[in-house]
Engineer: 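The following block contains the structure, expressed as structure tokens.
Model, not experiment: these values are computed from the prediction. Excluded from the calculations below are hydrogen atoms, water molecules and symmetry mates; all remaining heavy atoms, backbone and side chain alike, are included. Each chain gets a letter, A, B and so on, in the order the sequences are listed, and its residues count up from 1.
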Amino acid sequence: MLYRVVLPICCPGSAQVGTTSRYNTTVQHFGFNKGHCLTDWSAVYRTTYDDLVRFLYRKVWDAERAHDLAQETFLRCLRDRANTQGVGNERAYVFTIANNLARDEARTVIRRKKHLTLLKSEADVVAPPPEPVEDIERARKQKLVEQALEQLSERDREVLLLWDAGQTYQDIAAQTGLSIGAIGTTLSRARKRLVEVYDTMEGNQHVARG
Amino acid sequence: MSHVDDGELTAYADGAYPVNDPDALRISAHLSACDNCRRRVEQAQLLRDRAAEILGYATPAAVTAPSFEALQAQVETSQAKPPRYVNLAWAASIMMALGLGWFGRGALQNPPDMRSGSVLEAPTVAGDVQTEEVAVTPPPVAAPQISTATPGVQVDRAANPQMDAAANRAQRMSEQPLVGAVAGSGVAAAPPPSASPVPAETDFAAADAAVEYLSAAEAERRNITVPRIPELPVARVAIGAGTTVVEQTLGDGKVVRLAFSENVITESVQRREQSAPAPARARAAASEIAQAQKSVVPDVTVQVNGRVITITGDLPADSLRALAQKIR
């Protein structure tokens, strides 16, 4: 898959075309930028890791798995360091890798769930130990957020989560190819839909609880 | 007055425009004059904050991230190992060499012998499937050995013991049990479960009496039509009494042989057969039978235009089957 990554910040005037297979990304430099801006991956790691984990969490809904994927993302970036030196927009690059990993993770989970459904037999269910009330409330809200996000289109959800993960409009533009105005339109629509769906479900639950 | 669209408004509210950006300046100028759009900016900011609050409910529990140095060490460790595919490639190469050696050992030990009038059973190799099996009744004629001798030259094997060794060397490709009696030799062979056509000879080191070798041009000149694989060049045609072998070469130098039983006897073959010494024929048959018991490489038998043809060659069975389908 070919994508075009625009670098307005660090290395103006250069453009990159990345050829992405599912996990191997080779970045080719065009223009005068090659080798001029070396990537300090330790700095990228420090400034991006937490946001990346939050982004991935909203994708896989498993904290441990989100951390695993975040580490896997940086491992891939470091392994491919020779090709990614001076890539410019490292955040966008990292989030793109992470997005692909999360997408594959989601597909694997779906296949695994189907497999388990076929194999599942009736077993005695042991009641879990009671949780603190705060944990129950947090889990409930998290479930509502998860369901509300599912009501968004894939593009709207992706842009919303990228923005919430601290990506700038320029980062999002680099990853999605959208213009600044188009990102604004997408975010406006996604936010409205998220708030609307969440508030409706929250209201329904309150009514149900009486 | 045209208002600011939602997308630009949201981008402006989010602070997405760089300082002194022309669009930002335009929007700012409009907002200073339009109360409606100013209210819309405030609503966009409230919506942004509410969405952020909702998404905040879905935040992972804090986990200590590994240090960057630990991550780097992990990368260096994984890069120190050879890629898995290299190990797999080595394993595949070794397996292929062992497999070729296994299948090729029969050819090295038992070069096939060209006999006319003999019925030979196609070998059963694990995984090999015969495309066709045809029963052929052998004529009571001793089986001559195809040799590399110049056509028309008669070689007395009795007088030249080296010919026996050469005959053995010649039987490298495939050997099959001899079915039916070979007249004049008094040698009996164990009948196979099913009969099949004559296999091809692989080498022609030993001179023998009743075989004539023709080049492709010579065969064409004599109007001798033989079945062949159209895409491959014909190296030569060996005609013995009752058996014909067409030798064709592949692009990589390997040779495939198409053998079929037929009464294609040229005058010179008939003369030489009549003059061949009986002991030589008996020795040839006995040697052939002894070799025939050993395991062989696969060959494939097909029927084309009423002829039962056996194709042999130093190729996997699947390749032989594919070539057999092309015989015309």
Side-chain angles (χ1 to χ4, degrees), chain A residues 8 41-46 49-50 53-54 56-58 61-64 66-67 70-71 74-79 81 137-138 140-146 148-149 160-161 163-164 168-170 172-173 179-195 197-199 202, chain B residues 3-19 21-27 37 40-81 83-85:
Chain A
W41 282 106
S42 62
V44 174
Y45 182 75
R46 273 196 313 277
Y49 188 84
D50 287 345
V53 169
R54 190 162 64 250
L56 288 167
Y57 181 74
R58 278 78 173 271
W61 299 108
D62 183 321
E64 202 174 314
H67 278 277
Q71 288 174 37
F74 278 101
L75 282 173
R76 288 178 191 275
C77 293
L78 291 175
R79 278 193 210 117
R81 199 176 340 201
E137 181 64 11
R138 187 170 59 242
R140 184 188 69 82
K141 285 185 171 177
Q142 181 173 301
K143 194 65 185 172
L144 286 179
V145 174
E146 187 179 340
L149 283 171
L160 182 66
L161 292 180
W163 163 79
D164 188 67
T168 64
Y169 272 52
Q170 284 74 20
I172 298 172
S179 65
I180 301 296
I183 293 170
T185 305
T186 306
L187 275 176
S188 172
R189 183 174 59 236
R191 288 166 183 165
K192 277 182 195 162
R193 182 74 178 141
L194 176 75
V195 171
V197 172
Y198 181 87
D199 287 344
E202 178 86 352
Chain B
H3 297 283
V4 182
D5 70 38
D6 273 349
E8 286 184 329
L9 207 76
T10 303
Y12 184 86
D14 290 347
Y17 290 108
V19 178
D21 182 85
D23 289 328
L25 294 172
R26 174 177 53 81
I27 296 169
C37 288
R40 287 170 62 212
V41 169
E42 288 166 7
Q43 285 167 358
Q45 288 168 339
L46 288 172
L47 181 64
R48 178 193 64 200
D49 295 340
R50 177 63 182 144
E53 182 188 357
I54 290 171
L55 288 171
Y57 298 146
T59 303
V63 173
T64 307
S67 67
F68 183 75
E69 288 71 25
L71 214 62
Q72 254 186 330
Q74 206 172 336
V75 169
E76 282 158 15
T77 307
S78 66
Q79 283 176 340
K81 296 178 194 170
R84 196 165 59 173
Y85 69 82

Engineer: Which atom names give the shortest non-hydrogen contact between A:A66 and A:V53, and what distance separates them?
Structural biologist: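 Distance-wise, the nearest heavy atoms are CB-O, 3.8 Å.
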
Engineer: Parallel, tilted or perpendicular: which fits the ring planes of A:Y57 and A:W61, with parallel below 30° and perpendicular above 60°?
Structural biologist: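 Perpendicular: the ring planes of A:Y57 and A:W61 meet at over 60°.
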
Engineer: For the candidates B:A52, B:A44, B:P66, which exhibits the highest count of non-hydrogen atom pairs separated by less than 4.5 Å from chain A?
Structural biologist: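 Most pairs with chain A among the choices: B:P66.
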
Engineer: Quick test of your reading of the model: are A:R79 and B:E76 salt-bridged, counting only N-O distances below 4.0 Å?
Structural biologist: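 The answer is no: the pair does not qualify as a salt bridge.
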
Engineer: Report the option among A:D199, A:L161, A:L187 that has the most heavy-atom pairs separated by less than 4.5 Å from atoms of chain B.
Structural biologist: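 Answer, by heavy-atom pair count under 4.5 Å with chain B: A:D199.
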
Engineer: Does B:D49 come within less than 4.0 Å of A:R191, counting only side-chain N to carboxylate O?
Structural biologist: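 A salt bridge is absent here (no side-chain N lies under 4.0 Å from a carboxylate O).
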
Engineer: Could you have a look at B:T59, B:L55, B:L9, B:V75 and say which one has the most heavy-atom pairs with chain A under 4.5 angstrom?
Structural biologist: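 Most heavy-atom pairs within the cutoff with chain A belong to B:L55.
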
Engineer: Could you report the tightest heavy-atom contact between A:L194 and A:A148, atom names first, then the distance?
Structural biologist: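 It is CD1-CB, 3.8 Å.
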
Engineer: Which one, B:A58, B:A16, B:A51, leads in non-hydrogen pairs under 4.5 Å with chain A?
Structural biologist: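 Greatest number of close heavy-atom pairs with chain A: B:A58.
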
Engineer: Heavy-atom cut-off 4.5 Å, strictly under: side chain, backbone, both or neither for A:K143 against chain B?
Structural biologist: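 No part of it gets close to chain B.
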
Engineer: To check you understand the geometry: which heavy-atom pair defines the closest contact between B:R50 and B:Y57, and what is its length?
Structural biologist: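 So the minimum-distance heavy-atom pair works out to NH1-OH, 4.1 Å.
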
Engineer: Could you look at B:Y17 and say if it's the side chain, the backbone, both or neither that has a heavy atom under 4.5 Å from chain A?
Structural biologist: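 Just the side chain, heavy atoms under 4.5 Å.
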
Engineer: Which class fits the ring pair A:W41 and A:F74: parallel under 30°, tilted 30 to 60°, perpendicular over 60°?
Structural biologist: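 Geometry flag for A:F74 against A:W41: perpendicular rings.
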
Engineer: Using heavy-atom distances under 4.5 Å, tell me whether A:L56 contacts chain B through its side chain, its backbone, both, or neither.
Structural biologist: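 For A:L56, no heavy atom lies under 4.5 Å from chain B.
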
Engineer: Tell me if a side-chain donor or acceptor on A:R54 pairs with a main-chain N or O of B:P60 at a distance below 3.5 Å.
Structural biologist: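 Side chain of A:R54 to backbone of B:P60: no pair is present.
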
Engineer: Would you mind checking which part of A:L144 comes under 4.5 Å of any heavy atom in chain B, side chain (CB onward), backbone (N, CA, C, O), both or neither?
Structural biologist: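 Neither part; nothing is under 4.5 Å.
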
Engineer: A:R58 versus chain B, heavy atoms under 4.5 Å apart: side chain, backbone, both or neither?
Structural biologist: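 Only the side chain of A:R58 comes within 4.5 Å of chain B.
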
Engineer: By a 4.5 Å heavy-atom criterion (distance strictly below it), what part of A:I183 contacts chain B: side chain, backbone, both, or neither?
Structural biologist: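 Neither the backbone nor the side chain of A:I183 comes within 4.5 Å of chain B.
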
Engineer: At a 4.5 Å cut-off on heavy atoms, which part of A:D62 comes close to chain B: side chain, backbone, both, or neither?
Structural biologist: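 Contact with chain B is absent: no heavy atom of A:D62 under 4.5 Å.
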
